[in-house]
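Taking it in order: structure first as structure tokens, then the write-up.
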There are 2 protein chains.
Amino acid sequence: MAAPAMSHNDALTPYCPVFQSAVELIGRRWTGAIVRSMLCGSLRFSDILHNVPGLSDRLLSERLRELEAQGIVSRTVYPETPVRIEYALTEKGTELQEIVLALSGWASRWGREAKPSCETAAACPGDLA
Amino acid sequence: MAAPAMSHNDALTPYCPVFQSAVELIGRRWTGAIVRSMLCGSLRFSDILHNVPGLSDRLLSERLRELEAQGIVSRTVYPETPVRIEYALTEKGTELQEIVLALSGWASRWGREAKPSCETAAACPGDLA
DNA sequence: CGGGATCCGAAAGGATACTG
DNA sequence: CAGTATCCTTTCGGATCCCG
């Protein structure tokens, strides 16, 4: 198991900036949870705020702006009365899904001392992993 | 591809702590790069320090301790002269590989303006993906 | 409802120096 | 080589108030 069955490719990883950017982007405090909560479809500000406990409105708007700047989420304004604003994942954002799910799966399998009572199989569509 | 092939599971993500922990763990400043550099096999402190530009020794030892505490890396001391210390991924850490590679792929595809000259297919043993 | 602006304490990160 | 200790700067995150 510890034996490296991989290739003897010694000349790997001369440091990768894009990977670094990506991992630090989704690693930001609430970003992962926000993206994860958006996997289902469009959401309004309050919805996201509501299903991520501990997240403040300031942080949410900050994260949302970052994600928008990265082209991961799109912001759509419906000029009704009052205005309704919906956030959705772009294609780039949607492709993060497999990563989020993979990470969810890993976290569930190895979470602390094997606590299978979080999302494991019920709460999240991690079944496809 | 943009079409959500997922289930119509609306009642997802009532917030997941283990996912949160995981994403914030590997999202810490250099953790992703460190794990990524260890995918090849055992490395010594200086090796990791060397192939992650910008990483300071203090942060490396800090991250290494965190990863060790999480059971992601193992530390082995060889009492030669002088002592040689090697860090390797545990099974738990090795399973992060698919996630790291997936994130690498995503980052490469969407990195800024599609710059395919980073690691994409050459520098890293991502072939197994 | 959907945010923006500001203030401030906490925490993370970097630089440097020193040790076994 | 493989770290630890200290200091100091930057950033993050929470609270509060305010606006359209």
Side-chain angles (χ1 to χ4, degrees), chain A residues 15 17 19-38 41-70 72-89, chain B residues 15 17 19-38 41-70 72-89:
Chain A
Y15 173 69
F19 170 77
Q20 192 66 22
S21 305
V23 76
E24 285 178 13
L25 174 70
I26 68 138
R28 276 215 158 71
R29 193 92 212 251
W30 302 104
T31 312
I34 294 172
V35 170
R36 202 173 83 94
S37 76
M38 295 180 70
S42 299
L43 286 177
R44 292 192 295 283
F45 191 88
S46 299
D47 295 332
I48 306 175
L49 198 60
H50 180 256
N51 59 31
V52 181
L55 175 60
S56 65
D57 55 354
R58 191 185 76 86
L59 264 295
L60 177 55
S61 83
E62 192 172 307
R63 291 294 110 90
L64 244 24
R65 264 184 276 126
E66 291 170 3
L67 290 171
E68 209 187 333
Q70 299 297 319
I72 292 174
V73 308
S74 64
R75 176 191 149 115
T76 309
V77 180
Y78 296 93
E80 305 170 352
T81 22
V83 282
R84 183 168 50 101
I85 298 172
E86 298 214 330
Y87 295 91
L89 293 175
Chain B
Y15 174 69
F19 170 77
Q20 192 66 21
S21 306
V23 77
E24 285 179 13
L25 175 70
I26 68 139
R28 278 214 161 73
R29 192 89 215 250
W30 301 104
T31 312
I34 293 171
V35 170
R36 201 174 83 94
S37 75
M38 294 180 70
S42 299
L43 286 176
R44 292 190 294 283
F45 191 87
S46 298
D47 295 332
I48 306 176
L49 197 60
H50 180 256
N51 57 33
V52 181
L55 175 60
S56 65
D57 53 356
R58 191 186 77 88
L59 264 295
L60 177 55
S61 83
E62 193 172 308
R63 290 295 107 90
L64 245 23
R65 262 183 278 126
E66 291 170 4
L67 290 170
E68 208 187 335
Q70 298 298 319
I72 292 174
V73 307
S74 63
R75 177 192 148 115
T76 310
V77 180
Y78 297 93
E80 307 170 352
T81 22
V83 282
R84 183 169 50 103
I85 297 172
E86 297 214 332
Y87 294 91
L89 293 175

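The sequence lines fix the lettering, A, B, ..., with proteins before strands; numbering per chain opens at 1. Keep in mind the model is a prediction, meaning the values are calculated, not measured.
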statement: Those residues at least two apart in sequence (or on a different chain) that pass side-chain hydrogen bond (donor to acceptor under 3.5 Å, both in side chains) with B:Arg28 are none
- line: Here the residues of residues 79-87 of chain A within 4.0 Å heavy-atom distance, strictly under, of DNA chain C are A:Ile85, A:Tyr87
Heavy-atom neighbours of B:Arg84 CZ exceed 12 at 6.0 Å: yes
message: Whether the side chain of A:Ser21 engages the backbone of A:Pro17 through a donor-acceptor N/O pair (distance < 3.5 Å, no angle test) should be reported.
response: yes
First-last contacting nucleotides on DNA chain D - partner chain A, under 4.0 angstrom, heavy atom: D:dC12 to D:dA15
Measure the distance from [atom1] on [X] to [atom2] on [N] and round it to the nearest whole Å.
{"X": "A:Leu67", "N": "C:dG3", "atom1": "CG", "atom2": "C1'", "result": "16 Å"}
{"X": "B:Leu55", "N": "C:dG14", "atom1": "CG", "atom2": "P", "result": "8 Å"}
{"X": "A:Arg75", "N": "C:dG3", "atom1": "CZ", "atom2": "C1'", "result": "8 Å"}
{"X": "B:Glu24", "N": "C:dA11", "atom1": "CD", "atom2": "C1'", "result": "13 Å"}
{"X": "A:His50", "N": "C:dG2", "atom1": "NE2", "atom2": "C1'", "result": "17 Å"}
{"X": "B:Glu62", "N": "C:dA15", "atom1": "CD", "atom2": "P", "result": "14 Å"}
{"X": "A:Leu59", "N": "C:dG4", "atom1": "CG", "atom2": "C1'", "result": "14 Å"}

Could I get a table of every N or O pair under 3.5 Å where one atom is in the protein and the other is in nucleotides 7-10 of chain C?
none

message: On DNA chain D, compare the nucleotides closest to A:Trp30 and B:Phe45; which residue's is nearer the 5' end?
response: B:Phe45
message: Both A:Arg28 and B:Arg65 contact DNA chain D. Taking the nearest nucleotide for each, which residue is further toward the 5' end?
response: B:Arg65
Ignoring hydrogens, what is the shortest heavy-atom contact between [X] and [Y]? Give both atom names and the distance.
{"X": "A:Trp30", "Y": "A:Arg63", "result": "N-NH1, 4.1 Å"}
{"X": "A:Gln20", "Y": "B:Ala33", "result": "OE1-CB, 3.3 Å"}
{"X": "A:Leu67", "Y": "A:Ile34", "result": "CD1-CG2, 4.2 Å"}
{"X": "B:Gly32", "Y": "A:Val23", "result": "CA-CG2, 4.5 Å"}
{"X": "B:Leu89", "Y": "B:Met38", "result": "CD1-O, 3.7 Å"}
{"X": "A:Asp47", "Y": "A:Leu43", "result": "CB-CD2, 4.0 Å"}

message: What I want to find out is whether A:Glu68 reaches A:Arg65 closely enough, with some N-O distance under 4.0 Å, to be called a salt bridge.
response: no
message: How bent is the helix from C:dC1-D:dG20 to C:dG20-D:dC1, measuring the angle between the end axes built from five pairs each, rounded to 10°?
response: 50°
task: Please test A:Phe45 against A:Leu60 for side-chain contact (heavy atoms from CB on, under 4.5 Å), starting from the C-alpha separation and ending with a verdict.
output: CA-CA 8 Å; A:Phe45 191 88; A:Leu60 177 55; 3.7 Å; yes
message: For a side-chain contact (heavy atoms from CB on, under 4.5 Å) check, start with the C-alpha distance between B:Leu25 and B:Ile72, then their side-chain angles and the critical distance, and finish with the verdict.
response: CA-CA 11 Å; B:Leu25 175 70; B:Ile72 292 174; 3.4 Å; yes
message: Set out, in order, the CA-CA distance, both residues' side-chain angles and the distance that settles side-chain contact (heavy atoms from CB on, under 4.5 Å) for A:Arg29 and A:Leu59, then state yes or no.
response: CA-CA 9 Å; A:Arg29 193 92 212 251; A:Leu59 264 295; 5.5 Å; no
statement: In short, salt bridge (Lys or Arg N to Asp or Glu O under 4.0 Å) pairs touching residues 50-59 of chain A with sequence neighbours left out are A:Arg58-A:Glu62
query: Between C:dA15 and B:Ser56, is there an OP1 or OP2 to side-chain N/O distance shorter than 4.0 Å?
result: no
query: B:Asp57 side chain: which of C:dG4, C:dG2, C:dT16 is closest?
result: C:dT16
